[in-house]
Q: 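Sharing a structure with you now.
Residue numbers run from 1 in the order of the sequence given. Order of appearance sets the numbers: ligands from 1, and atoms from 1 within every ligand.
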Amino acid sequence: MYIVHIASEFAPIAKVGGLADVMLGLGRELVKQGHTLNVIVPKYDVIDVREMTFEPNVEISRSYFQGNWYDNSFWKAHSDGNILLTLLESHHPGRFFSRGCIYGCHDDVDRFLYFCRAALDWLQDKEDTPDIIHIHDWETAACAFLIRQGPFRKRFENTKVVLTIHNMAYQGWCHRDNLENIGLSGAWFASPERLQDDFGSSLNLLKGGIVFSDYVTTVSSTYAKEVLTQEGGKGLQLTLLSHASKFCGVLNGIDTIFWDPAHDKYLEDRYTAEKKSIGYEEILAGKKRNKEFFLEKFAMGKSDEKPLLAIISRLVPQKGIELMKHILSHAHKWKMQCILLGTAPDPHVHWNFVELEKYFLNSPDVRIVLQHEEGLAHKLYAASDMFLVPSLFEPCGLTQLIALRYGSIPIVRKTGGLADTIFDVDFSERSFSERNGYVFEHPNEQGVDSAIGRACSTWYNNKELWQKVVMQAMRSDFSWEKSAKEYVKIYSMLCKKEFR
Ligand code: ADP
């Protein structure tokens, strides 16, 4: 099958969050399963091109925007896992992808609509026709309806479009003008059964993606149910309900090569639980050296006597930032050390965390590191004993899966993909061998306190149980193999329909 992914992120070169990891992990697995894959991503100026080897033949293609045609260069490179990456460099004077960031510009809607149009303009001149175009989130949702219009309609009549919603909270609200910029009729799309929102005031790119795609997925089964409710659907629940027959949840996996404590290039000391003969002591020795290094780097009290709890997160309300602050401020209560690694897109939240960072500067037990740094994240997964994800909602969540692989026991709120992947050591209905963390139901201080209390009590008082859970966690399988097969099943089902 020839599959084209069009997305706004790709790990590790253009990464803000989990979408980037998904593109790498799912991509690697699709290639491994024998499919032809091309991943199209904008060539942002923040991409470190020194890390990449481009093929010499850069293709030039023109694309339409606001009544004119502009040149784009398409650079080809092979990423890890032999994934063919196509990076789109725009020569539009708006310098859409040369803004020193991936998201957060006033004209994000236009930047990504431009990207959708340019990607399709380029693809339509290629000899091969994709069987599947797989698009992700609002940034590329417009491909679903653009492809069924004008010259694209005939060219791609046999191509099926799959949309994956990685987070319902970001929808790409826009106006008729924005659609007209890429050659679409704003008036035609501005109807309730197409892109218009319930209030009739604006258009919604994610809604258009849902309406016009041949199939829609989201990233866990629990989240797939949650988004059909008023609370989870963020205004799109009725749209999803009326398209429910082409909608399901496919659980994300993690890329077990990129995230591998046995071979991780960022770690001080590598360790594994994969060999049968390996015991907890050996794993612990590997983790201990990473922990010592980390505590030393951040001038924290060097101690084997306390568990180290990590948080690695975007600092947005969804992630439960009030609960994070509560736990950081009460670390002493549980005799633990805490490190938060995160960044806040909202300046108010950022400055609030800067204050906290200063407050804890001389604390031996708490650090706040306001950076986005891939290497530091890998080191912290390896150094920590526990990993907190107190999200108010969480479509899938990858950090808890990565933490498991590095032997850091997740403490999570029971929501979305967290509920589908983490099973409480004390209370889960699953067999003991599947239990891998601590779970709390209600996103309040009482809830998170009780889960942290139980985790710390086990760490201090029942080492044997803790060790078993760490071994189980590290050996659990959240690789992409199974989920990629589910995607292939969906792709095949769509393509077969065509041949009937
Ligand atoms: P989301 O996509 O909502 O941000 P996920 O849990 O799906 O959340 O994925 C988060 C990804 O981003 C993980 O790979 C995590 O390690 C990474 N990440 C988050 N914050 C940082 C940071 N400050 N520095 C480095 N990596 C980070």
Q: One thing to verify: whether Lys482 and Glu29 come together as a salt bridge, which I'm taking to mean a side-chain N less than 4.0 angstrom from a carboxylate O.
A: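 Salt bridge flag = no for Lys482 with Glu29.
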Q: Under 6.0 Å between the ring centres of Phe212 and His243?
A: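 Not close enough - the centres of the two rings lie 6.0 Å or further apart.
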Q: Fit a plane to each ring of Tyr406 and Tyr381, take the angle between them on a 0 to 90° scale, and name the class: parallel (under 30°), tilted (30 to 60°) or perpendicular (over 60°).
A: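 If you compare the ring of Tyr406 with that of Tyr381, the planes turn out tilted.
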Q: Which residue owns the protein heavy atom closest to atom 24 (N) of ligand 1, what's the atom, and how far is it?
A: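 Nearest protein contact, heavy atoms only, for atom 24 (N) of ligand 1 is Glu373 N, 3.1 Å.
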Q: With no hydrogens and no angle check, do the side chains of Thr421 and Gln400 hold a donor and an acceptor under 3.5 Å apart?
A: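 Checked: Thr421/Gln400 side chains pair up, N/O donor to acceptor below 3.5 Å.
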Q: Polar-atom distance check: Leu398 versus ligand 1, any N or O pair below 3.5 Å?
A: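 Looking only at distances, the answer is yes, because the N/O contact criterion of under 3.5 Å is met.
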Q: With heavy atoms under 4.0 Å as the rule, classify the contact between Gln400 and ligand 1 as side chain, backbone, both or neither.
A: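 Answer for Gln400: neither.
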Q: Tell me whether Arg270 is salt-bridged to Asp264, with the criterion being a basic N under 4.0 Å from an acidic carboxylate O.
A: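 Between Asp264 and Arg270 there is no salt bridge, as every charged N stays at least 4.0 Å from the carboxylate O atoms.
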Q: With nothing but distance in play, are any N or O atoms of Gln318 less than 3.5 Å from an N or O of ligand 1?
A: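 No.
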Q: Polar-atom distance check: Glu374 versus ligand 1, any N or O pair below 3.5 Å?
A: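 No, no N or O pair falls under 3.5 Å.
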Q: With heavy atoms only and a cut-off of under 4.0 Å, state how Ala11 meets ligand 1: side chain, backbone, both or neither.
A: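 Neither; no heavy atom under 4.0 Å.
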Q: Quick check on contacts: which atoms of ligand 1 are under 4.0 angstrom from a heavy atom of Ser313?
A: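 So the answer, numbered in order with elements, is 20 (N).
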Q: Can you list the ligand 1 atoms lying under 4.0 Å from a non-hydrogen atom of Ala377?
A: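 Answer, ordered by atom number: 25 (C), 26 (N).
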Q: Looking at Ile402, which atoms of ligand 1 are within less than 4.0 Å of one of its heavy atoms?
A: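 Here the atoms of ligand 1 in question are 14 (O).
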Q: So do Arg99 and Asp107 actually touch side chain to side chain, heavy atoms under 4.5 Å?
A: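 Side chain of Asp107 against side chain of Arg99, heavy atoms only: contact under 4.5 Å found.
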Q: Against heavy atoms of Gly342, which atoms of ligand 1 measure under 4.0 Å?
A: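 So the answer, numbered in order with elements, is 23 (N).
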Q: Might you confirm whether atom NE2 of His442 has over 12 heavy atoms from other residues, nucleotides or ligands at distances under 6.0 Å?
A: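 At most 12 heavy atoms, drawn from other residues, nucleotides or ligands, come within 6.0 Å of this atom.
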Q: Is any side-chain heavy atom of Phe10 closer than 4.5 Å to a side-chain heavy atom of Leu24?
A: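 Touching, per the 4.5 Å side-chain cut-off.
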Q: Within the 4.0 Å heavy-atom shell around Tyr381, which atoms of ligand 1 are there?
A: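 Listed by number with element, the hits are 15 (C), 16 (O).
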Q: Does ligand 1 have an atom under 4.0 Å from some heavy atom of Asn167?
A: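 It does not, in that no heavy atom of Asn167 comes within the 4.0 Å cut-off of ligand 1.
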Q: May I ask you to decide whether Lys489 forms a salt bridge with Glu486, counting only side-chain N to carboxylate O separations under 4.0 Å?
A: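 Looking at Glu486 together with Lys489, the answer is no, because their closest N to O distance does not fall below 4.0 Å.
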Q: Measuring from atom 21 (C) of ligand 1, which candidate in His378, His372, Lys319 has the nearest non-hydrogen atom?
A: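 Looking at heavy atoms only, the winner is His372.
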Q: Is there a heavy atom in Trp259 that sits closer than 4.0 Å to ligand 1?
A: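 Yes.
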Q: Is Lys414 paired with Asp424 through a side-chain N to carboxylate O contact shorter than 4.0 Å?
A: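 Not counted as a salt bridge, because no side-chain N and carboxylate O are separated by less than 4.0 Å.
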Q: Just to be sure I read this right, does ligand 1 sit under 4.0 Å from the backbone of Leu376, its side chain, both, or neither, counting only heavy atoms?
A: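 Looking at Leu376 and ligand 1, no heavy atom falls under 4.0 Å.
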Q: My understanding is that we take every heavy atom of each candidate and find the minimum distance to atom 4 (O) of ligand 1. Doing that for Arg314, Glu9, Glu394, which one comes out nearest?
A: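 Minimum heavy-atom distance to atom 4 (O) of ligand 1 goes to Arg314.
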Q: Decide whether an N or O pair under 3.5 Å exists between Lys15 and ligand 1.
A: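 Yes; the residue has a nitrogen or oxygen that sits under 3.5 Å from a nitrogen or oxygen of the ligand.
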Q: Report the part of His166 in contact with ligand 1, treating N, CA, C, O as backbone and CB onward as side chain, heavy atoms under 4.0 Å; options are side chain, backbone, both, neither.
A: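 Neither part.
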Q: Quick one, Lys43 and Phe54 - any side-chain contact, counting heavy atoms below 4.5 Å?
A: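 Yes, their side chains come closer than 4.5 Å.
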Q: What do we get for Asp21 next to ligand 1 when only non-hydrogen atoms under 4.0 Å count, side chain, backbone, both or neither?
A: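 Side chain only.
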Q: Considering the heavy atoms of Ile312, write down every atom of ligand 1 situated less than 4.0 Å from one of them.
A: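 What qualifies from ligand 1 is 16 (O), 18 (N), 19 (C), 20 (N), 21 (C), 27 (C).
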Q: Determine yes or no for a side-chain-to-main-chain donor-acceptor pair under 3.5 angstrom, with Ser221 supplying the side chain and Gly249 the backbone.
A: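 No, Ser221 side chain to Gly249 backbone: no donor-acceptor pair under 3.5 Å.
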Q: So which protein heavy atom does atom 23 (N) of ligand 1 come closest to, and at what separation?
A: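 Result: Gln371 O, 2.8 Å.
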Q: Under 3.5 Å between some N or O of ligand 1 and some N or O of Gly18?
A: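 Yes; the residue has a nitrogen or oxygen that sits under 3.5 Å from a nitrogen or oxygen of the ligand.
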Q: Taking the six-membered ring for Trp, are Phe97 and Tyr44 parallel (under 30°), tilted (30 to 60°) or perpendicular (over 60°)?
A: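 Answer is perpendicular, since the angle exceeds 60°.
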